[in-house]
Amino acid sequence: MTVGGTKAGARLRRALMFVASLVLVASAWELYKLVGPEHGGRVLGARILPRTENSSMPHVWDMLARFRRPEVRGSSRTVGAAVAAGAWYTMRLALAGFALGCVIGLVLAIVMVRFRLAAAALLPYVVLSQTVPLIALAPQVVSWSQHLTLLGAKWQPWMSVSTIAAYLAFFPVAVGALRGLQSPDENAVELMDSYAASWRQTLWKVRFPAAISHLIPALKLAGVASVVGAIVAEISTGRRGGIGRLILEYSREATSDPAKVFTAVIAAAVIGLVMTGLVVAFDVSLSRHRPREAAL
């Protein structure tokens with residue numbers, strides 16, 4: 001009972017801290033809007049401080065109220081409904097990219113752990129891959145994939161968006177998994193060798209359990225990165241239906257309706273939080289099956 005009560009109390013504290021952080025961000029926004037320069041400001045000669053007039057920085061309550069109003073004049077669909085539909089679409093594309101990125105990252109990590117030469121050859125290119133500007137890469141991926149077939153089926157446009165999301169997601173998984181798979185104590189590995197265990201058995205019995213503590217943070221980063229990749233891909237390729245397209249469309253109305261574009265930005269942040277929450281739920285489910293000493 002004590003352990004269960006401690007866990008419940010910890011979860012309640014985390015939930016309260018999350019709510020408090022949201023209140024703190026909203027309060028900081030309103031405080032800066034109250035005391036900040038209306039037309040922005042300069043620091044050491046560089047224009048850094050954002051403008052605080054309503055056209056650039058609407059009130060928090062105005063942004064929240066905009067969810068309830070019609071998307072366009074005379075429409076029966078509210079902004080909230082449009083943003084929810086776009087967020088769900090982008091969420092599915094990001095999930096597909098996240099899954100693909102995890103598979104690619106784990107495979108690369110296993111190969112690099114198994115073969116030292118592969119680690120020396122592949123790791124620099126894994127790092128180098130993240131220096132390519134995503135906004136320039138996205139249209140190229142769409143162009144290259146137009147005539148592709150996958151298991152006999154024609155390549156669908158949404159697959160290009162998920163592929164770009166996977167491009168950002170695989171990197172933290174590959175690096176985190178590699179570091180985790182290399183983390184077991186050498187004595188544990190030598191013990192498995194003394195039992196004539198195969199490399200695969202050592203991988204599953206020793207290396208993967210030791211890698212969990214490194215892999216969970218990497219999965220959180222990968223989840224958020226997949227959302228960023230999906231949104232940037234939607235904006236770059238003009239893919240309709242997702243939150244990225246809504247950000248692009250609503251930004252055209254930012255002068256006359258500044259709160260509208262922030263609704264899509266808020267939805268994008270919520271998608272990232274949901275992806276992180278899924279990884280946390282996965283971690284909690286794993287911890288239930290770990291020995292108590294390992295979970296601590």
What distance separates [X] [atom1] from [Y] [atom2], expressed to the nearest 0.5 Å?
X      : Y      : atom1 : atom2 : result
Ile212 : Asp283 : CD1   : CG    : 8.0 Å
Leu246 : Leu248 : CG    : CG    : 9.5 Å
Met17  : Leu22  : CE    : CG    : 11.5 Å
Leu34  : His59  : CG    : NE2   : 9.0 Å
Trp144 : Ser160 : CH2   : OG    : 11.0 Å

Report yes or no: does [X] contribute a side-chain atom to a donor-acceptor pair with the main-chain N or O of [Y] at less than 3.5 Å?
X      : Y      : answer
Ser21  : Phe18  : yes
Gln156 : Lys154 : yes
Ser162 : Leu93  : yes
Arg239 : Glu234 : no
Thr90  : Ala87  : no
Ser285 : Phe282 : yes
Ser226 : Gly223 : yes
Thr202 : Ser198 : yes
Ser75  : Glu71  : no

inquiry  = Taking CZ in Arg51 as the centre, count heavy atoms belonging to other residues, nucleotides or ligands within less than 6.0 Å. Is the count above 12?
reply    = no

task = Please say whether more than 12 non-hydrogen atoms of neighbouring residues, nucleotides or ligands are located less than 6.0 Å from CD1 in Ile135.
result = no

Could [X] and [Y] be called an ion pair, given the rule that one side-chain N must be under 4.0 Å from one carboxylate O?
X      : Y      : result
Arg66  : Asp257 : yes
Glu253 : Lys260 : yes
Glu38  : Lys33  : no

message = Do Leu106 and Leu215 make a side-chain contact, defined as non-hydrogen atoms from C-beta onward lying under 4.5 Å apart?
response = yes

query = So do Tyr250 and Thr263 actually touch side chain to side chain, heavy atoms under 4.5 Å?
reply = yes

key: Donor + acceptor pair across side chains of Ser27, Glu30 (<3.5 Å)   = no

inquiry  = Looking at Trp199, I'd like to know if the NZ or CZ of Arg114 sits under 6.0 Å from its six-membered ring centre while staying within 45 degrees of the ring's axis.
reply    = yes

